[in-house]
Amino acid sequence: MSATVPTRKPPTATDADAPVFSVSGLWKVFGPKAERVPADAELTALDPADLRARTGCTAAVRDVSFDVRKGEVFVVMGLSGSGKSTLVRCLTRLIEPTAGTIAIDGEDVRAMDKTRLRELRRHRAAMVFQHFGLLPHRTVLDNVAYGLEIQGIGRAERRARAAEVVKKVGLEGMEQRRPSQLSGGQRQRVGLARALAVDPEVLLFDEPFSALDPLIRRDMQDEVARLHREEGRTMVFITHDLAEALKLGDRIALMRDGKVVQLGTPEEIVGSPADDYVREFVRDVPREQVMTVRTAMRPAASDEDGGPAVRPDATVAEAIEAVARAGAPARVMDEGRCLGVVDHERLLDVVAGVTDLPSSTPEAV
């Protein structure tokens, strides 16, 4: 994997105090009498094959808990069949959960009636799917305005708002084209614009770029990252691609067989894999592009006043370049304070995997 992972600020205490989505003990079981599985400790302990043999049921999501903090990009990743797409559909009850709790801004999603649930999907949590679902007979502008039309917004206002969003996603000048006249990447931008037009509190992405070719996919990843930087909108992003998860995610929940096997920042997951499965997943990740200088810091000696300065969120790769250029250790500076020093030897230890972070756990939120 060669894509550079951008540095990001760690979540703040304020973010942690304000979850947008809060999920606890969530189960989704497909099969006969599915509700008996989460309620029976003996059944919950079975592995997927034994559960199917004994009950005829498949547990797509198994006892998952997490919070999505306001303003973060929360990535759920895993291989095909891990349960990630089922999980995101449960958040707005496009798929009905079997057990557990889901809350948005403290409101119980599972207790919502049809009217309240419709409002949730139309106003508060907009979904961007892999398959764009554009209306072929409508122009780009009218496709983007479609959600506003459903909300009952007048024609002039919804077209004006749609035009603003079309410009925001880089489709200005294409407002009157039909979907058949667009490339795959352009159609996905229309899908993104349609979700943004309703100004949702949360954007839910279900593997939106997996059908795109690599160059267009990278452009769309950059587009999502740019929109997040500019708007700070809360996002839940589903992907099977580790490079995509590391590029976009503030935190990542890695799933296997319906369970979250590790939840943490990209640095935590790459720096301290929770088990052999995660370790194998991240084996080929260039650690220097993900790990930050916090991992390599040592206290500054009294005579170490010089040398280059790097930010606490600078990657090890950036620090290696600064140290090599100056021929001296770099000071880690935060608002005029020296937090510590990184030298060539400690930076290379991080690259080699000698230095680990404290391990994050599946229960961590």
Side-chain angles (χ1 to χ4, degrees), residues 11 15-31 34-39 44 57-78 82-130 133 147-148 150-152 191 194-208 232-239 249-253 255 258-260 263 362-365:
D15 293 329
D17 292 337
V20 176
F21 269 111
S22 186
V23 176
S24 180
L26 185 67
W27 285 80
K28 177 56 188 178
V29 182
F30 295 98
E35 65 282 351
R36 64 188 160 146
V37 175
T44 63
C57 292
T58 298
V61 178
R62 301 172 69 105
D63 196 22
V64 168
S65 300
F66 60 86
D67 285 345
V68 178
R69 301 167 183 165
K70 186 175 178 62
E72 80 170 331
V73 180
F74 186 89
V75 173
V76 182
M77 74 157 297
S82 63
K84 58 190 184 300
S85 290
T86 301
L87 173 60
V88 75
R89 283 168 164 78
C90 284
L91 295 181
T92 57
R93 285 173 54 198
L94 291 173
I95 292 177
E96 285 288 348
T98 306
T101 61
I102 304 167
I104 182 169
D105 295 325
E107 183 179 359
D108 186 351
V109 173
R110 296 194 68 195
M112 290 180 175
D113 60 20
K114 290 183 179 179
T115 301
R116 194 69 178 147
L117 198 55
R118 191 160 50 243
E119 182 181 340
L120 168 67
R121 295 170 183 166
R122 290 181 179 177
H123 297 271
R124 301 168 71 182
M127 184 81 80
V128 182
F129 295 99
Q130 174 184 339
L148 299 172
I150 291 175
Q151 291 181 6
R194 184 173 56 191
L196 285 169
V198 298
D199 194 26
E201 183 178 1
V202 188
L203 277 172
L204 305 174
F205 295 87
D206 187 12
E207 298 205 69
R233 197 182 301 270
T234 307
M235 299 179 180
V236 178
F237 198 99
I238 308 302
T239 183
D250 293 309
R251 290 186 302 148
I252 299 168
M255 293 188 71
K259 296 181 179 180
V260 173
L263 194 164
E363 292 76 26
V365 293

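Under the 4.5 Å side-chain criterion, counting only non-hydrogen atoms from C-beta, V29 is in contact with P38.
For A195, the side chain to side chain contact (heavy atoms under 4.5 Å, CB included) test picks out A126, V128, L203, with sequence neighbours left out. For T101, the side chain to side chain contact (heavy atoms under 4.5 Å, CB included) test picks out S24, with sequence neighbours left out. Considering only residues two or more places apart in sequence or on other chains, R121 meets the side-chain hydrogen bond (donor to acceptor under 3.5 Å, both in side chains) condition with none of them. In this structure K84 satisfies the salt bridge (charged side-chain N to carboxylate O under 4.0 Å, His left out) test together with E207, sequence neighbours excluded. The ring pair (Phe, Tyr, Trp, His ring centres under 6.0 Å) test applied to F237 returns F205, F209, not counting sequence neighbours. Checked against side-chain hydrogen bond (donor to acceptor under 3.5 Å, both in side chains), S85 has the following partners two or more places apart in sequence or in another chain: D206. Considering only residues two or more places apart in sequence or on other chains, R36 meets the side chain to side chain contact (heavy atoms under 4.5 Å, CB included) condition with P32, K33, L43, T55, C57. Remark: A60 pairs with F30, T86 by the side chain to side chain contact (heavy atoms under 4.5 Å, CB included) rule, at least two apart or across chains. Applying the salt bridge (charged side-chain N to carboxylate O under 4.0 Å, His left out) rule to E107 yields the partners R116, R124; only residues at least two apart in sequence or on another chain are considered. Under the rule for a side-chain hydrogen bond (donor to acceptor under 3.5 Å, both in side chains), T234 has no partner lying at least two apart in sequence or in another chain. Scanning for salt bridge (charged side-chain N to carboxylate O under 4.0 Å, His left out) contacts around R233 gives D199, E231, with sequence neighbours left out. Taking the side-chain hydrogen bond (donor to acceptor under 3.5 Å, both in side chains) definition, one finds that S22 meets it with D67, sequence neighbours left out.
Comment: R93 engages E96 in a salt bridge, judged by a side-chain N to carboxylate O separation of less than 4.0 angstrom.
Note: F21 and F66 fail the aromatic proximity criterion, with ring centroids not under 6.0 Å apart.
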